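If you read the sequence from its start, that first residue is 1, and numbering goes on from there. Quick caveat, the model's predicted, so the values are computed rather than measured.
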Amino acid sequence: MTEPTLIQAYRGHRTPTRPVWFMRQAGRSLPEYRAAREGTAMLEACLTPDLAAEITVQPVRRHQVDAAIFFSDIMIPAKCAGVGVEIVPGRGPVLDRPIRSAQDVAALPELTPEALTPITQGVQATMALLGDTPLIGFAGAPFTVASYLVEGEPSRSFPHTKALMASDPATWEQLARWVARTTEAFLVAQIEAGAQAIQLFDSWVGALSVSEYVTQAQPYSGLVFDGIASRFDVPRVHFGTGTAHLLPAMYDAGATVMGVDVNLSLGEAEERLGGGVPLQGNINPEMLTAPWEELEAHVREVLIAGQQAPGHVVNLGHGVPPTTDPDVLTRVVELIHSIPDNDL
């Protein structure tokens, strides 16, 4: 049985046209998403199987993208484990109590298989709606999730996280290991229910230097990737923002595909990775509001740059902005699908 074009590209094969999907494609840019979510809190929506499935499939219906990504949030594994966290509108994840001491880490509850039932049911319901379109499993990477747990809310400078890493590395390690095994279980549940690839998002890891990343973050992302690789033959995508300096180290954590943000061309990314690495990316989200002629030229530039990789999945260099006109995304997908790979 022939694999979907997305999976072929993730495995390093050229495809007749490039597969495309968009990070945050299921979300506030879609009126049907806003209607479906009305009156339902974010984390509640993620844990309501039929609603999560419907939201996951909405962009596939509208845009005809080549993949769905399971609708979730990076704090869902912690929430399922019993950590007190909610998504506060306009702020993001806010914890009842930050995790900042060895005692706090020791008190963290372990995630049980039963707690993942809403995830399993949500993925199964999604698969029933998707047909032949593949589903990508979703999770936040250990550094980013752990930093939310330590800070207690979103942060750009991570003062408490960096202080914990420097002053009490043993406690940081125990916290990061807890996040890693919780994340692995969350991804395993998605794969066993039908997801055909996974993507690990490290939203905030760009705040680290290379040496900090290699010692304080890479080992724990590695635990997640190694755990998946030991059990499943699925592509493993790694993505972070502001991570041009970390790209080779992030790949070495155990990814098979590297997502590239807007700060690096695909050609330069492939060069930094030493060649032979499938890539994902990297249309600039800000270009989605540009005149069509400029946006089309930009998309074509991304497609040309992506030819340097053995396989290329088109995506944005970050998530879909909530103010994006959905019709623009549909038109971008149509453009990408209209261009044979050998005509660039």
Kindly state each residue pair satisfying ring-ring contact (aromatic ring centres under 6.0 Å, His included) with at least one member in [range], sequence neighbours excluded.
range: residues 98-142; result: Phe138-Phe201
range: residues 257-310; result: none
range: residues 236-272; result: Phe225-His238
range: residues 48-105; result: Tyr33-Phe71

Using a 3.5 Å distance criterion without hydrogens, assess whether the side chain of [X] forms a donor-acceptor pair with backbone atoms of [Y].
X: Trp172; Y: Gln216; value: yes
X: Asp261; Y: Gly242; value: yes
X: Gln218; Y: Ala249; value: yes
X: Gln8; Y: Glu3; value: yes
X: Thr215; Y: Ser211; value: yes
X: Thr243; Y: Leu246; value: no
X: Arg272; Y: Ala244; value: yes

* Evaluate the side chain to side chain contact (heavy atoms under 4.5 Å, CB included) criterion for residues Leu329 and Gln25: first the C-alpha distance (whole Å), next the side-chain angles of each, then the deciding distance (0.1 Å), finally the verdict. => CA-CA 9 Å; Leu329 290 178; Gln25 62 186 14; 5.8 Å; no
For a quick test of your reading: what N or O donor-acceptor pairs under 3.5 Å do the side chains of residues 304-314 make, sequence neighbours left out?
unit_1 : atom_1 : unit_2 : atom_2 : d
Gln307 : NE2    : Asp341 : O      : 3.3
His312 : ND1    : Arg18  : NH1    : 2.6
His312 : NE2    : Gly281 : O      : 2.8

* To do: Please step through side chain to side chain contact (heavy atoms under 4.5 Å, CB included) for the pair Leu6 and Gln196, ending with a clear verdict.
  => CA-CA 10 Å; Leu6 174 97; Gln196 292 165 265; over 6 Å; no
* Asked: For Glu151 and Thr161, does a side-chain donor sit closer than 3.5 Å to a side-chain acceptor?
  ->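 Indeed, the side chains of Glu151 and Thr161 share at least one donor-acceptor pair under 3.5 Å.
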* **ring-ring contact (aromatic ring centres under 6.0 Å, His included) against Phe232, all qualifying residues, sequence neighbours excluded** => none
* **Of Asp325, Thr323, Thr324, the residue whose pairing with Leu288 passes side chain to side chain contact (heavy atoms under 4.5 Å, CB included)** =>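 Result: among Asp325, Thr323, Thr324, Thr324 is the only option passing the side chain to side chain contact (heavy atoms under 4.5 Å, CB included) with Leu288.
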How would you list all residue pairs meeting salt bridge (Lys or Arg N to Asp or Glu O under 4.0 Å) that involve [range], not counting sequence neighbours?
range: residues 237-247; value: none
range: residues 27-46; value: Glu32-Arg62
range: residues 197-208; value: none

* Test Leu135 against Ile69 for side chain to side chain contact (heavy atoms under 4.5 Å, CB included), laying out the working first. => CA-CA 6 Å; Leu135 178 69; Ile69 185 162; 5.7 Å; no
* Can you check side chain to side chain contact (heavy atoms under 4.5 Å, CB included) on Trp21 and Ile136, steps first, answer last? -> CA-CA 10 Å; Trp21 67 279; Ile136 302 167; 3.4 Å; yes
* What pairs meet the side chain to side chain donor-acceptor pair (under 3.5 Å) rule with one or both residues in residues 72-97, with sequence neighbours excluded? -> Lys79-Glu86, Arg91-Glu153, Arg97-Asp104
* Within residues 45-56 or reaching into it, pairs that qualify as side chain to side chain donor-acceptor pair (under 3.5 Å) - sequence neighbours excluded ->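 Matches after skipping sequence neighbours: Glu54-Gln58, Glu54-Arg61.
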* List, by chain and number, the other hydrophobic cluster members for Val88, where Ile, Leu, Val, Met, Phe, Trp and Tyr join if side-chain heavy atoms come within less than 4.5 Å, directly or indirectly. => Val94
